[in-house]
Amino acid sequence: MSYRLFAALELPYEISEALLPLQSGLKGALWRPRENLHMTLRYFGAMDEQKAADLDGELASVTVKPFDLQLKSVDWFGKADPKAVWAGVSADATALARLESLQSKCERAARTSGLGPDKRNFQPHVTLAYLRDAAMDSVASYCRGHQALQTEAFRVTHFTLYSSWSRQGETNIYEALEHYPLV
């Protein structure tokens, strides 16, 4: 059996619900369903059961203290050719350091498990929509119109290992496989 895995922070229900009103008014947006809203720490990709078990063991040893985050403002990836719109993260210096430490330890777990390095720089965010043929002017206007986004702060007490399945022409399905407490 093969798994397509990633580590992420789950959003509390009330935080993901607060993002739903943002999901309209942008032509070409493929909005993410509430249950798929999360903050990816590290995408691991496809692997067999043994490699997944090794990765699970490494992730279980990650230690970071809990911290508080808040989602704030909206931006997009692919500046000249927009690919996704997302909500950004706001936190104090201690919380941001803990978030970066958690992401770094997920990266280390991947490397120790035999996976290659992540080629993307970590930028904490929650993807609201992927974009297909969205005009840059429309995306910029949408983001300007949602700069005032500011959710309530929420406590991060664990991170999650997810499995992902793709369905032709439909939204991916994410299944939480394991929760790792922050202590």
Side-chain angles (χ1 to χ4, degrees), residues 1-17 19-20 23 29-67 69 71 76-78 82-89 95-132 154-183:
M1 181 173 205
S2 178
Y3 296 93
R4 196 170 79 184
L5 303 176
F6 65 95
L9 299 180
E10 292 180 88
L11 297 181
Y13 181 83
E14 58 277 1
I15 299 300
S16 59
E17 280 291 306
L19 296 176
L20 295 181
Q23 295 186 317
L30 304 169
W31 302 107
R32 313 316 305 148
R34 188 200 58 73
E35 63 273 11
N36 284 13
L37 296 173
H38 64 273
M39 185 181 307
T40 301
L41 297 166
R42 173 59 152 88
Y43 178 74
F44 303 113
M47 64 188 68
D48 63 26
E49 279 187 66
Q50 182 58 55
K51 192 166 288 264
D54 293 345
L55 177 62
D56 173 56
E58 291 298 325
L59 292 172
S61 69
V62 167
T63 57
V64 174
K65 292 182 189 251
F67 53 92
L69 291 179
L71 300 181
W76 77 91
F77 289 125
K83 301 293 184 202
V85 291
W86 48 269
V89 172
L96 287 176
R98 288 180 184 171
L99 174 60
E100 289 174 7
S101 176
L102 178 58
Q103 189 280 329
S104 176
K105 289 177 180 184
C106 287
E107 176 65 27
R108 189 174 319 123
R111 303 287 294 281
T112 302
S113 298
L115 301 175
D118 193 347
K119 293 179 174 40
R120 295 167 289 188
N121 291 328
F122 178 62
Q123 180 167 352
H125 69 279
V126 175
T127 300
L128 301 172
Y130 293 108
L131 303 174
R132 183 176 298 146
F154 59 95
R155 188 86 171 150
V156 177
T157 59
H158 68 279
F159 70 103
T160 303
L161 179 64
Y162 286 95
S163 182
S164 173
W165 290 277
S166 296
R167 299 180 297 177
Q168 186 78 24
E170 295 186 42
T171 301
N172 288 350
I173 297 173
Y174 300 147
E175 178 186 3
L177 300 178
E178 193 66 53
H179 299 284
Y180 308 100
L182 300 183
V183 291

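- Here the side chains of Met47 and Leu115 are in contact, with some heavy-atom distance below 4.5 Å.
- Contact annotation: the side chain of Tyr174 approaches that of Phe6 to within less than 4.5 Å [non-hydrogen atoms, C-beta and beyond].
- Residues Arg34 and Tyr13 form a side-chain contact, since some pair of their non-hydrogen atoms from C-beta on lies under 4.5 Å apart.
- Here the shortest heavy-atom pairing between Lys51 and Asp48 reads N-OD1, 2.8 Å.
- Shown here for Met39 and Leu69, the closest heavy-atom pair between the two residues is CE-CD1, 4.0 Å.
- Inter-residue side-chain proximity for Tyr180 and Asp56 is flagged as met; some heavy-atom pair is nearer than 4.5 Å.
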| task | Determine, step by step, whether Tyr162 and Glu10 satisfy the side-chain contact (heavy atoms from CB on, under 4.5 Å) criterion, reporting the C-alpha distance in whole Å, the side-chain angles of both residues, the deciding distance to 0.1 Å, and the verdict. | result | CA-CA 10 Å; Tyr162 286 95; Glu10 292 180 88; 2.7 Å; yes

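- Between Pro117 and Arg42 the shortest heavy-atom distance is C-NH2, 3.7 Å.
- Note that CD of Glu175 and OG1 of Thr160 are 12.0 Å apart. Values are rounded to the nearest 0.5 Å.
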| task | Decide yes or no on side-chain contact (heavy atoms from CB on, under 4.5 Å) for Leu161 and Phe44, but give the supporting numbers first. | result | CA-CA 10 Å; Leu161 179 64; Phe44 303 113; 3.9 Å; yes

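- Here the closest non-hydrogen pair linking Pro66 and Thr157 is CB-CA, 4.5 Å.
- Once rounded to the nearest 0.5 Å, the distance linking NZ of Lys105 with OG1 of Thr112 reads 12.5 Å.
- Using a 4.5 Å cut-off on side-chain heavy atoms (C-beta onward), Arg4 and Asn172 make contact.
- Interatomic distance, Ser16 OG to Arg32 CZ, rounded to the nearest 0.5 Å: 14.0 Å.
- Rounding to the nearest 0.5 Å places OG1 of Thr63 at 10.0 Å from CG of Leu102.
- The CH2 atom of Trp86 lies 13.0 Å from the CG atom of Leu19; values are rounded to the nearest 0.5 Å.
- Side-chain contact between Phe122 and Glu107: absent, with no pair of heavy atoms (C-beta onward) separated by less than 4.5 Å.
- Taking 4.5 Å as the limit, some side-chain heavy atom of Leu99 sits within range of a side-chain heavy atom of Leu41.
- The distance from the CG atom of Asn36 to the CG atom of Leu128 is 12.5 Å, given to the nearest 0.5 Å.
- Scanning both residues, Phe159 and Leu59, for their nearest heavy atoms gives CZ-O, 3.7 Å.
- A heavy-atom distance below 4.5 Å is found between the side chains of Gln23 and Leu37.
- Remark: the Ser113 side chain and the Glu58 side chain contain no N/O donor-acceptor pair separated by less than 3.5 Å.
- In this structure, Leu71 and Phe154 approach most closely via the heavy-atom pair CG-CE2, 4.3 Å.
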